[in-house]
Each structure stands twice: as C-alpha cells, then as structure tokens.
Amino acid sequence: MSYDHDTFISPYTWRYGSQEMRRTFSEEHKRKLLRLVWIALAKAEMKAGLVTKEQVEELIEHKDDIDIERASEIEKDIKHDLMAEIKTYAEQCPTAGGIIHLGATSMDALDNADVIRFKEAMEIIENKLTLLISKLSEKAMEYKDTPTMAFTHIQPAEITTIGYRLAQTIQDLSDDLDDLIYVKDRLKAKGFKGAVGTLSSYAELLKGTNIKAADMEKWALDELGLNAFTASTQIYTRKQDLRIIEVLSKIACTLSKFSLDFRILQSPPIGEFSEPFGKHQVGSSAMPFKRNPINSEKINSLARLISSSYNSAWQNASQTILERSLDDSANRRIFISESFIALDEILLTEIKIVNGMNVHESATKRLMKNYGIFSATERVLMEAVKRGADRQKMHEVIRSLCLKAWDDVQTKGINNLKEDASADENLLKYLSKDEIADLLDASSYIGEAAERTEAVVQAATNPR
C-alpha cells in the first residue's frame, strides 16, 4: 500500500513532528513491537517446556519481516487486525507458526506493545524538553538583569527583567519535566493475563509443570523490560492513558501560555521579542510588510488539540464497561499518537524560536521611558513620607502628576513626568530636583528578579 497527496493523509504523516516520533507511531514499528511481545511470551513458554528452542529461533529470525500488504489482505477476509498479523507471521514461520500467541488474548499483545511504544515516545519528549529548558535558561541568564515593563491586565505595571519573565516558563517546564519522568517511570504493562485478566488460560497450559502462571508472566515481562499491573481486566486500566495525556497536556499548556505571551510581546506597540524571520520568508500574501509570529501561533493551535484529547482519554477510562468494551479502540489509534506527534512538533518549533529569537532592547528602553517611570513614583512617595510628608496628601500630588503624564503619552507620545515632578513645589519641599530624578529612574527597581532567575535556572538545569 502507498499513500500520496491524491487522497487524504493526516498532516501528522508529513507536516508535523520529527521522523523519529512518526516512526515510533508507524504501523510497521507497531507490528515489530507485537512480534517482540510474541517472542518474549514464546521464550517464557520455552522455559516452561511448552515451546521448543527451534520454534523461538524461527520467530526471532522473522521478527523484522513485516508484510502489511499480506496482513491487510487477510484482514479483509477475517475482519480482525491482530489475527491477520498473527497469520502473516505464522506463514513466515512454518515450524513456530502454530505456537504464536499461545494462551494469549489480543490485548496481551496490543497493550504490552503500546506501553513499550509510549515509553519510547516519552523519552523523545523528555530529551527535547530537557534541551528546550537548557536553551531558555541560557537566554534567561543573558537577560537576567535587563529591565523591562511587566504587564498586569495587559496594562503596564511595574518593572521586571526579561530573564525573570523567561524564568516563569522555565520553572513551569521544569515541573512538567518532573511529572513526565514520574509518569514514564511508572508506566505498567497489562502483562500476560488472558481474556479477563485472571491468567486462567496460562494456568491451564501449565498444568502438571509445577510452574505458576505468574512466574511465566514475569519471565516474559523481564524479557521485555516491563513491569505490569497486579490486577487487570482484558486491558490495562485506561486511567494510565489519562495520566499520559494529562502530562502531555501540561507541557502543551506551559508552552501555549509562553507562545501567547510571545505573540503579544512581538506586537509592534510593545515590540520586545520577535521570532526568527528568514530572508525569503513571506508574512502575508496581501501585505508584504507583515512579520507574523506564525511559529508561536502554530504552537497555540496544536496545543488546543492536545488539550482536547484529555476528554477522550477521560471518557475511555470512565466508560470501560466491566472487564472491557471496544469503544476506546478506534479513538486510541488517533488521539494518543497525534498528541505525542503534536507535542513533538511544538517542542521542535519552540526550540527553533528560542535559538533564533530576537530581544529588542531598544523596545524595552522605549517602554521603560514611557511607562516604567510610573512604577518608580512609589519610591518618590515613600522617600518623601520618610522625610516628613503627609502620605495621603503626597499620594494625591503624585497621582495628579501621573494623570497628566498619561495624557501626554496618549496625545503627544512623550512622557514628561520626570520634568514635571522635578519642578513640583510640593515635592521640592522634601526632595531635591536631582533626588526626584534619581528616584524616578525605574531601571534599578527590579527587586530580586536577577537572583530569582539564577535560582530557577540552577534548579532546572541540575541533573535529576
């Protein structure tokens, strides 16, 4: 079978995600993992005296001979995808074909293979997330002392630093990474427990051997490097899928918030950040001057899809009727793989943005000149009161000066607050002209922003 652009193919097939992640969720890789599960089971059954060494060796010899075309042909007839793969494998193994999947139910193979695949995918995410944290940390340290306007309610507030602003995202991503590792390290397989999870089929096979089904299950799991749930039904609990999607969604949430902030900061009235923009890149088909933050917008768009997957995972977990129902199967084929690939694309894109992001200090200076001075009026108020001024009367004096300055900014595009305050007779009773000017220099009004940035970076980049 081949698919090209004359029929529907998912954007995840060719547009989004790394080849590494797409390969992890490829049909070929899935079938190779299924064969590893069947080989592990056969090895355990050989140890129990149920299967011969020659049969196991034949299974190993043909483990990579995936033939999707043949399996699809069989599936059209028998209407069961896993049995079609078993029959395809059996045709390749004339000696061992009869013992493939011995004692197992479909989900003994599929759920165990899925857990291996999810572990692989989470390691890919972990590596990219670690790299992104490192790249962001370098930027944060570079700009930890660079003052800029902070915004609350999307209005100028007080002074922060560019590095401290980045530190908020680094801190969230560091927590997300811890959560990812926690979930990844605790992924559990279904194991080899049969149709309703009781191991009855394996116990029947092992009658007269003095070997327990649980022992044979452990041998197979050890071969695969997996731990299994103590209890399962026909499937592992779908709460595990919910935990996986939750942690992917958390990472997407952090980066969606950062991307939305980036888009606001790239808006020309602020103009503090901008995405890298290629020499031949086109911003708009109609407006040649446009430099749109298309990468950050893509991150916001894909993050919404990941967040919507949480509902499907929740519904699957809550509506698995008794020992199993099949109404999770079709959607799991779609939303789990797509969530991983979407997050992979988000991380690839964010790493590219951070590597090439432009920080426009001329814009931060403009913002500081126009708006930063307002936050420094608190220093003038406190110093005047320390020297004997009435706090309430002085508050009204400064408020009036600020309202006039706001009007000047809006109507004239300039801020004369420093000049007006330095000449105000009420203030000059307590402070000299030079003292007022020094106190209104907001560039040093950053508190512990630099030190806190360093602390966040140190905690985030230390080995876990």
Side-chain angles (χ1 to χ4, degrees), residues 29-60 62-63 80-90 93 96-120 184-241 244 320 322-326 328-329 332 336:
H29 186 59
K30 170 188 171 181
R31 292 168 192 251
K32 285 183 178 180
L33 291 178
L34 286 170
R35 293 189 178 197
L36 290 181
V37 172
W38 285 320
I39 289 168
L41 177 59
K43 284 184 175 182
E45 290 174 337
M46 178 183 71
K47 192 172 181 179
L50 303 173
V51 169
T52 68
K53 182 180 178 183
E54 290 72 26
Q55 288 172 319
V56 171
E57 288 175 347
E58 188 176 59
L59 292 179
I60 294 171
H62 294 282
K63 64 183 177 63
H80 194 292
D81 59 343
L82 189 81
M83 274 302 300
E85 182 60 28
I86 292 171
K87 285 178 175 290
T88 301
Y89 196 12
C93 303
I99 58 89
I100 297 171
H101 199 69
L102 181 59
T105 191
S106 297
M107 301 314 294
D108 285 359
L110 288 166
D111 268 8
N112 291 331
D114 270 348
V115 169
I116 298 171
R117 186 156 56 162
F118 297 159
K119 279 180 173 285
E120 292 173 346
K184 183 195 72 172
D185 289 348
R186 286 161 181 77
L187 286 182
K188 292 182 180 179
K190 180 208 169 175
F192 296 88
K193 295 182 175 67
V196 295
T198 61
L199 291 83
S200 57
S201 58
Y202 298 107
E204 190 69 22
L205 278 174
L206 291 165
K207 276 185 178 179
T209 66
N210 294 320
I211 296 172
K212 294 182 178 179
D215 294 331
M216 192 173 75
E217 178 189 41
K218 187 176 186 311
W219 297 338
L221 288 169
D222 287 346
E223 177 71 22
L224 294 168
L226 297 176
N227 294 313
F229 287 100
T230 303
S232 72
T233 58
Q234 191 174 98
I235 57 176
Y236 68 64
T237 170
R238 291 300 183 242
K239 283 290 293 290
Q240 177 161 261
D241 292 349
I244 291 169
T320 303
L322 300 176
E323 277 64 51
R324 143 125 290 172
S325 53
L326 199 63
D328 66 336
S329 178
R332 287 181 80 248
I336 297 179

Q: Taking all non-hydrogen atoms of both residues into account, name the closest pair between S106 and H101 and its distance.
A: N-NE2, 3.7 Å

**Q.** Side chain E58, main chain A96, donor-acceptor under 3.5 Å
**A.** yes

Q) Is K188 salt-bridged to D111, cutoff N-O under 4.0 Å? A) no

Q.
Salt bridge or not between D215 and K218? Use side-chain N to carboxylate O under 4.0 Å.
A. no

Q) Between A44 and A220, what is the shortest heavy-atom contact and its length? A) CB-N, 3.8 Å

Q | L226 to A189 - nearest heavy-atom pair and separation | A | CD1-CB, 3.8 Å

(Q) Checking side-chain polar atoms at under 3.5 Å, does D241 have a donor or acceptor matched by the opposite partner on Y236? (A) yes

Q. Looking only at atom types and distance, does a side-chain atom of K190 sit under 3.5 Å from a main-chain N or O of F229, one as donor and one as acceptor?
A. no

(Q) Could you walk me through whether L199 and M216 satisfy the side chain to side chain contact (heavy atoms under 4.5 Å, CB included) test, starting with their C-alpha distance in whole Å, then the side-chain angles of each, then the deciding distance to 0.1 Å, before giving a yes or no? (A) CA-CA 10 Å; L199 291 83; M216 192 173 75; over 6 Å; no

Q: Return each pair, listed once, that meets side-chain hydrogen bond (donor to acceptor under 3.5 Å, both in side chains) where at least one residue sits in residues 223-232; pairs must be two or more places apart or across chains.
A: K43-E223

Q | Identified side-chain contact (heavy atoms from CB on, under 4.5 Å) partner of E45 from the options I211, L50, L206, V56 | A | L50

Q. Would you call E85 and R35 a salt bridge, taking side-chain N to carboxylate O under 4.0 Å as the test?
A. yes

Q | Backbone of A195 reached by a side-chain donor or acceptor of T105 within 3.5 Å | A | no

Q: Kindly compute the distance separating CE (M107) from CZ (F192), expressed to the nearest 0.5 Å.
A: 12.5 Å

Q. Between D114 and R332, is there a salt bridge with N-O shorter than 4.0 Å?
A. yes

Q: Verify the neighbour count for atom CG of N210: are there more than 12 heavy atoms of other residues, nucleotides or ligands below 6.0 Å?
A: no

Q. Can you name the nearest heavy-atom pair linking A228 to L221, along with the distance?
A. CB-CD1, 3.5 Å

Q: Classify the angle between the aromatic ring planes of W38 and Y89 as parallel (below 30°), tilted (30 to 60°) or perpendicular (above 60°).
A: tilted

Q) Considering all heavy atoms of both residues, which atom of G103 and which atom of S201 are nearest to each other, and what is their separation? A) O-OG, 2.6 Å

(Q) If we ignore hydrogens and angles and just use 3.5 Å, is the side chain of T52 paired with the main-chain N or O of Q55 as donor and acceptor? (A) yes

Q: Evaluate the criterion side chain to side chain contact (heavy atoms under 4.5 Å, CB included) for residue pair T233 and K193; output intermediate values, then yes/no.
A: CA-CA 8 Å; T233 58; K193 295 182 175 67; over 6 Å; no

(Q) Side chains of D108 and Y202 only: does a donor on one sit below 3.5 Å from an acceptor on the other? (A) yes

Q: Might you confirm whether atom NZ of K87 has over 12 heavy atoms from other residues, nucleotides or ligands at distances under 6.0 Å?
A: no

